[in-house]
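I have placed the structure first, in the form of structure tokens, so that the comments after it can refer back to it.
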2 protein chains.
Amino acid sequence: MKNTIRIERAVLNISQAELADRVQVTRQTINAIELEKYAPSAVLAMKIARVFGKKVEEVFELEEGD
Amino acid sequence: MKNTIRIERAVLNISQAELADRVQVTRQTINAIELEKYAPSAVLAMKIARVFGKKVEEVFELEEGD
DNA sequence: TCTTTGTGTAAAATATATTTTACATTATGT
DNA sequence: ACATAATGTAAAATATATTTTACACAAAGA
């Protein structure tokens, strides 16, 4: 599961901690998803996309293995 | 996490088993999500929306508690 | 240089999603 | 009435996501 979280964070100029705060998870969770250590839940993916003012599909992309 | 899976299935006229097949999960998983016993992963939510030719946000909706 | 902020990481614990197997119920068609 | 397809459900096992606590490192500013 690819994502553009790092880029979208840069657009908003917010830290991983700030994003974590806004979607109510820990900073480590944001870090893990951003580095693609695992894929988020649908709830979290929707919250993250919402912070960025984007659709889920604009932030997250399915890969072959998914 | 609300969803319109039942309606979208009706539009396509496919069973829970058929949808499960198309997104590569078990029929019970589709049933549980459709009845909102739990929320799907982001990967599964995206696959389901894709089958319906819709955006994730058109099929799934965040609720207060989420 | 010292302090602060942002990021990467790791192990253990907990929460949640998904599978497997199995059975019951409801609807549909013949 | 009978057969079949579709749905609801449940318990146990497994997989995966998330939290918690903690530490290391790099960059930036005072």
Side-chain angles (χ1 to χ4, degrees):
Chain A
M1 179 93 155
K2 278 168 43 177
N3 71 78
T4 59
I5 294 177
R6 177 147 314 196
I7 292 168
E8 299 301 335
R9 275 200 308 107
V11 171
L12 289 192
N13 194 34
I14 62 177
S15 66
Q16 291 179 347
E18 171 71 15
L19 176 57
D21 250 22
R22 295 210 202 169
V23 298
Q24 320 223 66
V25 294
T26 62
R27 178 181 69 79
Q28 285 82 344
T29 295
I30 296 299
N31 184 262
I33 293 166
E34 189 168 310
L35 299 183
E36 295 170 16
K37 301 186 108 193
Y38 50 75
S41 67
V43 167
L44 182 49
M46 291 180 76
K47 285 180 175 179
I48 291 172
R50 191 174 56 181
V51 165
F52 296 148
K54 304 239 162 168
K55 301 284 187 187
V56 168
E57 283 87 350
E58 294 174 316
V59 179
F60 299 94
E61 185 181 359
L62 286 176
E63 296 187 278
E64 283 304 326
D66 294 332
Chain B
M1 181 91 157
K2 279 171 36 178
N3 71 78
T4 59
I5 294 176
R6 177 147 314 194
I7 292 168
E8 298 301 336
R9 276 200 309 106
V11 171
L12 289 193
N13 194 33
I14 62 177
S15 66
Q16 291 179 347
E18 170 72 14
L19 176 56
D21 250 21
R22 294 210 202 170
V23 298
Q24 321 224 65
V25 294
T26 63
R27 178 181 68 81
Q28 286 81 345
T29 294
I30 296 299
N31 184 262
I33 293 166
E34 189 168 310
L35 298 183
E36 294 170 16
K37 301 188 107 191
Y38 50 74
S41 66
V43 167
L44 182 50
M46 291 180 75
K47 285 181 176 179
I48 290 172
R50 191 173 56 180
V51 165
F52 296 148
K54 303 237 160 169
K55 301 285 187 186
V56 168
E57 283 86 351
E58 294 176 315
V59 178
F60 299 94
E61 186 183 357
L62 286 177
E63 296 186 279
E64 283 304 326
D66 293 332

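Computed over heavy atoms, backbone and side chain alike; hydrogens, waters and symmetry mates excluded. Proteins come first, then strands; the chains are lettered A, B, ... in the order of their sequence lines, and each starts at number 1.
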Quick one: do A:Ile48 and A:Val11 end up in the same hydrophobic cluster if we chain Ile, Leu, Val, Met, Phe, Trp and Tyr together by side-chain heavy atoms under 4.5 Å apart? no
CA sep, side-chain torsions, deciding dist, call: A:Glu34, A:Arg6, salt bridge (Lys or Arg N to Asp or Glu O under 4.0 Å): CA-CA 7 Å; A:Glu34 189 168 310; A:Arg6 177 147 314 196; 2.6 Å; yes
Starting from P on D:dA5, measure out to CG on B:Asn31 and report it in whole angstrom. 18 Å
Given that B:Gln28 and A:Ala32 both sit by DNA chain C, which one's nearest nucleotide is further toward the 5' end? A:Ala32
Indicate, with a heavy-atom threshold strictly under 4.0 Å, whether B:Thr29 touches base, sugar-phosphate, or nothing. base
Mind calculating the distance between OH (B:Tyr38) and P (D:dT9) to the nearest angstrom? 13 Å
Taking atom P of C:dG8 as reference, at what distance in whole Å does atom CD1 of A:Ile33 sit? 14 Å
Quick one: on DNA chain D, does A:Arg27 or A:Gln24 contact a more 5' nucleotide (nearest heavy atom)? A:Gln24
In this structure, how many angstroms lie between the C1' atom of D:dT18 and the NZ atom of A:Lys47, rounded? 12 Å
Phosphate OP1/OP2 of D:dA6 contacted by B:Arg6 side-chain N/O (<4.0 Å): no
Let me know the distance between CD of B:Glu36 and C1' of C:dA17, rounded to the nearest Å. 16 Å
5'-most contact on DNA chain D: B:Glu34 or B:Ser41, nearest heavy atom basis? B:Glu34
CA sep, side-chain torsions, deciding dist, call: A:Leu12, A:Val51, side-chain contact (heavy atoms from CB on, under 4.5 Å): CA-CA 9 Å; A:Leu12 289 192; A:Val51 165; 4.1 Å; yes
Nearest-angstrom distance from the residue atom CG of A:Leu35 to P of C:dA10: 11 Å
From CD1 of B:Ile30 over to P of C:dA17, roughly how many Å is that when rounded to an integer? 14 Å
Write down the distance between CD1 (B:Ile5) and C1' (D:dT7), rounded to a whole number of angstrom. 14 Å
Flag, side chain of B:Lys47 to backbone of A:Leu62, donor-acceptor distance under 3.5 Å: no
Keeping B:Asp66 on the side-chain end and B:Met1 on the backbone end, is there a donor-acceptor pair under 3.5 Å? yes
What nucleotide, of D:dG8, D:dA17, C:dT7, holds the atom closest to the side chain of A:Gln16? C:dT7
Out of D:dA6, C:dT9, D:dT19, minimum distance to the side chain of A:Thr26 belongs to D:dT19
